[in-house]
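Working notes, structure below.
Any value given below was found using the heavy atoms of this structure, including those in side chains, with hydrogens, waters and symmetry copies removed. Atoms within a ligand are numbered from 1 in the order they appear, just like the ligands themselves.
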Amino acid sequence: MISDAKIPYGKHSISQTDIDAVVEVLETQYLTQGTQVPAFEKAICDYVGAKHCVAVNSGTSGLHVACLALGIGQGDIVWTSPNSFAASANCALYCGASVDFVDIDPLSRNMCPIKLEEKLHSAQQLNALPKAIVVVHFAGASCDMQTIHALCAPLNIAVIEDAAHALGATYHNKPVGNCEFSDMAVFSFHPVKSITTAEGGAIVTNKQALADACALFAKHGITRELDKMQGEPHGPWYYQQLVLGYNYRLSDVHAALGISQLKRLDDFIAKRRAAADYYVKKLRDLPVQLPLSTSPDSSAWHLFMIELKAHDRPQIFKQLHEHNIAVNVHYIPIHCHPYYQSLGFKANDFPNALSFYENAITLPLFADFQQEEQDKVVSVLKDLLK
Ligand SMILES: *Cc1c(COP(=O)(O)O)cnc(C)c1O
């Protein structure tokens with residue numbers, strides 16, 4: 001019998017080993033600033049193939065310090081994708097910069113490189129080029145990084161990857177986060193993401209100066225390194241605040257969970273991929289737009305979104321919930337939120353993101369998704385969409 005418990009759209013997976021790792025730290029002397037955060041940072045570098053990692057207390061703080069590290073401030077412009085969580089744009093506003101968006105490609109649902117090229121061209125005429133762009137690997141599938149890099153590098157525009165969905169994904173057969181085509185990539189370890197630390201995030205980069213700046217801004221702007229200080233230290237206790245920073249540190253308790261979870265990442269991704277493949281196979285004949293297969297690039301399958309073509313989305317959404325299938329919708333385009341409308345954006349400014357939003361439903365997908373749960377989702381959907 002299929003249990004009638006609610007099937008969530010996403011969920012973390014915590015093992016006894018994960019729990020033991022956290023408890024072990026609780027019994028040591030250091031709950032923060034011990035050995036676990038540096039060990040987690042090294043494990044992330046090893047996994048994604050980046051030179052430096054700065055762990056922080058959320059993906060949002062990671063995006064904020066990434067912008068600060070690039071020197072983004074008042075008078076600067078940052079572009080991102082409207083099809084994302086608000087944090088992808090808020091990070092620039094935190095720094096006093098202004099934000100604009102580049103519409104998505106309807107099939108990849110990621111920032112459209114052709115629209116980016118066109119917008120760069122017009123911005124160049126107006127002398128209003130962005131200082132950085134934040135690209136978002138929506139649902140775990142990498143953006144076309146090589147093309148984006150080729151467009152931005154000659155214009156001296158920095159590229160930040162919002163890789164909150166994409167830990168465990170690959171691009172050109174290499175891990176997302178190796179920063180081959182970007183300045184920095186930012187991960188989130190919120191419970192619905194590939195791995196979790198409860199709250200947490202990380203910035204990865206191959207550039208020493210950016211890593212140092214991220215660490216400085218994430219730790220109050222304070223340094224204890226002699227060679228970074230001005231003047232002579234007053235004594236061995238001495239430290240200096242050099243810039244206005246924040247307390248965005250990750251704790252050792254959270255990092256211990258992250259280390260343990262990272263060891264399970266490949267297994268999580270394999271299970272997400274198998275479930276995504278199963279959806280594609282089973283839903284192929286329904287009147288819906290399925291996610292693009294990204295082969296040879298491999299998605300981390302953070303989300304599995306279908307777009308309805310011939311049905312009323314609110315109605316189908318409600319009916320799925322009535323069957324205890326807790327589908328969701330990602331995303332209300334950032335520029336459609338009242339706050340962004342108050343900055344002057346209109347819903348129709350980015351029609352592809354708007355149209356995707358109006359028809360999309362996020363189906364359940366997570367590492368511990370059971371076969372009978374997925375079969376239930378498939379059969380209910382088939383019933384509703386026939
Ligand atoms: C989750 C998420 C974030 C923010 O991460 P937090 O760790 O929740 O702060 C940023 N961008 C995207 C695209 C996300 O999905």
Centroid-centroid distance, Y278 to F369, less than 6.0 Å: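 No, the ring of Y278 stays outside the 6.0 Å limit from the ring of F369, centre to centre.
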Ring centers of Y171, H137 separated by less than 6.0 Å: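 No; H137 has its ring centre 6.0 Å or more from that of Y171.
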Side-chain (Q241) to main-chain (V243) donor-acceptor, under 3.5 angstrom: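 Here the side-chain-to-backbone pair exists.
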Less than 3.5 Å apart, N/O on ligand 1 and N/O on the protein: could you list those pairs with the distances?
{"unit_1": "ligand 1", "atom_1": "5 (O)", "unit_2": "S188", "atom_2": "OG", "d": "3.3"}
{"unit_1": "ligand 1", "atom_1": "7 (O)", "unit_2": "G59", "atom_2": "N", "d": "2.7"}
{"unit_1": "ligand 1", "atom_1": "7 (O)", "unit_2": "S188", "atom_2": "OG", "d": "2.7"}
{"unit_1": "ligand 1", "atom_1": "9 (O)", "unit_2": "G59", "atom_2": "N", "d": "3.3"}
{"unit_1": "ligand 1", "atom_1": "9 (O)", "unit_2": "T60", "atom_2": "N", "d": "2.9"}
{"unit_1": "ligand 1", "atom_1": "9 (O)", "unit_2": "T60", "atom_2": "OG1", "d": "2.5"}
{"unit_1": "ligand 1", "atom_1": "11 (N)", "unit_2": "D162", "atom_2": "OD1", "d": "3.3"}
{"unit_1": "ligand 1", "atom_1": "11 (N)", "unit_2": "D162", "atom_2": "OD2", "d": "2.7"}
{"unit_1": "ligand 1", "atom_1": "15 (O)", "unit_2": "H165", "atom_2": "NE2", "d": "2.7"}
{"unit_1": "ligand 1", "atom_1": "15 (O)", "unit_2": "K193", "atom_2": "NZ", "d": "3.0"}
{"unit_1": "ligand 1", "atom_1": "15 (O)", "unit_2": "Y331", "atom_2": "OH", "d": "3.1"}

D18 versus S15, side-chain donor and acceptor atoms under 3.5 Å: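 There is such a pair between these side chains.
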Within 6.0 angstrom of D227 CG, more than 12 heavy atoms from elsewhere: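 Enclosed: over 12 neighbouring heavy atoms sit under 6.0 Å from CG of D227.
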Which residues share a salt bridge (Lys or Arg N to Asp or Glu O under 4.0 Å) with E322, sequence neighbours left out: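 For E322 the salt bridge (Lys or Arg N to Asp or Glu O under 4.0 Å) partners, ignoring immediate neighbours, are K318.
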